[in-house]
Amino acid sequence: GAVVSQHPSRVICKSGTSVKIECRSLDFQATTMFWYRQFPKQSLMLMATSNEGSKATYEQGVEKDKFLINHASLTLSTLTVTSAHPEDSSFYICSAIQTGSVFEQYFGPGTRLTVT
Amino acid sequence: KQEVTQIPAALSVPEGENLVLNCSFTDSAIYNLQWFRQDPGKGLTSLLLIQSSQREQTSGRLNASLDKSSGRSTLYIAASQPGDSATYLCAASKAAGNKLTFGGGTRVLVKP
């Protein structure tokens with residue numbers, strides 16, 4: 001149980017275009033999901049907290065107009081990178097919280113974004 | 001602001017040796033602490049979660065301890081195997097359902 005999927009696993013897009021990444025909790029409902037970014041040989045950095053039915057909360061330094069987050073249902077959150085640039089190339093990972101006594105976070109397999 | 005540090009950044013051991021991975025955090029007011037494994041180019045696999053009220057958790061060859069007062073957690077991997085080669089990350093959460101703050105990770109290589 002507690003499986004989180006991401007789609008696509010890899011995407012290559014041209015500079016200036018937008019790309020959407022989906023994060024789904026497959027066997028549980030997730031009121032809260034998180035989006036992280038990981039650059040090569042670095043740790044995960046939180047970008048934003050996604051709450052079902054409300055606006056996302058962005059971390060300091062993350063442009064909310066560039067990284068659009070929508071959490072329209074209890075099992076799906078999407079991250080749209082708008083007007084992508086090569087410096088947006090990174091590994092994007094989402095996580096979902098299974099509510100309960102320990103509130104453990106379960107992570108998706110990640111999406112490798114390459115902007116050419 | 002919580003800061004999580006993992007030392008060393010990289011570790012190489014011969015097969016069979018026990019691994020000791022360290023994680024320290026600056027704010028002892030944590031809700032829980034998780035240890036993860038990450039293989040190259042892959043997502044995170046949760047290994048152990050320790051609640052703030054617990055002192056340790058065990059799963060197979062893995063044992064994680066938590067000392068809130070000193071701001072430390074240690075992951076022990078007994079009798080290491082080449083398949084244990086990966087990056088190990090620790091992360092602390094401040095409250096239930098809250099975001100995780102990650103350490104920089106320890107890259108482990110177990111040599112056959």
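Numbered from 1 within each chain, the chains take letters A, B, ... in sequence-line order. Since this is a predicted model, take the numbers as computed values, not measurements.
By the 4.0 Å N-to-carboxylate-O rule, B/Lys1 lies too far from B/Asp27 to be salt-bridged with it. Comment: A/Lys20 does not engage A/Glu22 in a salt bridge, judged by the lack of any side-chain N to carboxylate O separation of less than 4.0 angstrom.
Looking at A/Leu44, both its backbone and its side chain come within 4.5 Å of chain B, counting heavy atoms on both sides. With a 4.5 Å cut-off on non-hydrogen atoms, A/Gln6 does not touch chain B at all. With a threshold of 4.5 angstrom between heavy atoms, B/Gln38 approaches chain A through side-chain atoms but not through N, CA, C or O. Contact annotation for B/Lys42: only backbone heavy atoms (N, CA, C, O) come within less than 4.5 Å of a heavy atom of chain A. In this structure, the portions of B/Leu100 lying under 4.5 Å from any heavy atom of chain A include both its backbone and its side chain.
When each of A/Glu59, A/Met45, A/Gln42 is scored by its heavy-atom pairs under 4.5 Å with chain B, the top score falls to A/Glu59.
Between A/Pro109 and A/Phe91, the closest heavy-atom pair is O-CZ, 3.3 Å. Counting all heavy atoms, side chain and backbone alike, B/Glu56 lies closest to B/Asn63 at OE1-ND2, 3.0 Å.
Aromatic ring pairs are classed by plane angle as parallel below 30°, tilted from 30° to 60° and perpendicular above 60°; the pair A/Tyr92 and A/Phe67 is tilted.
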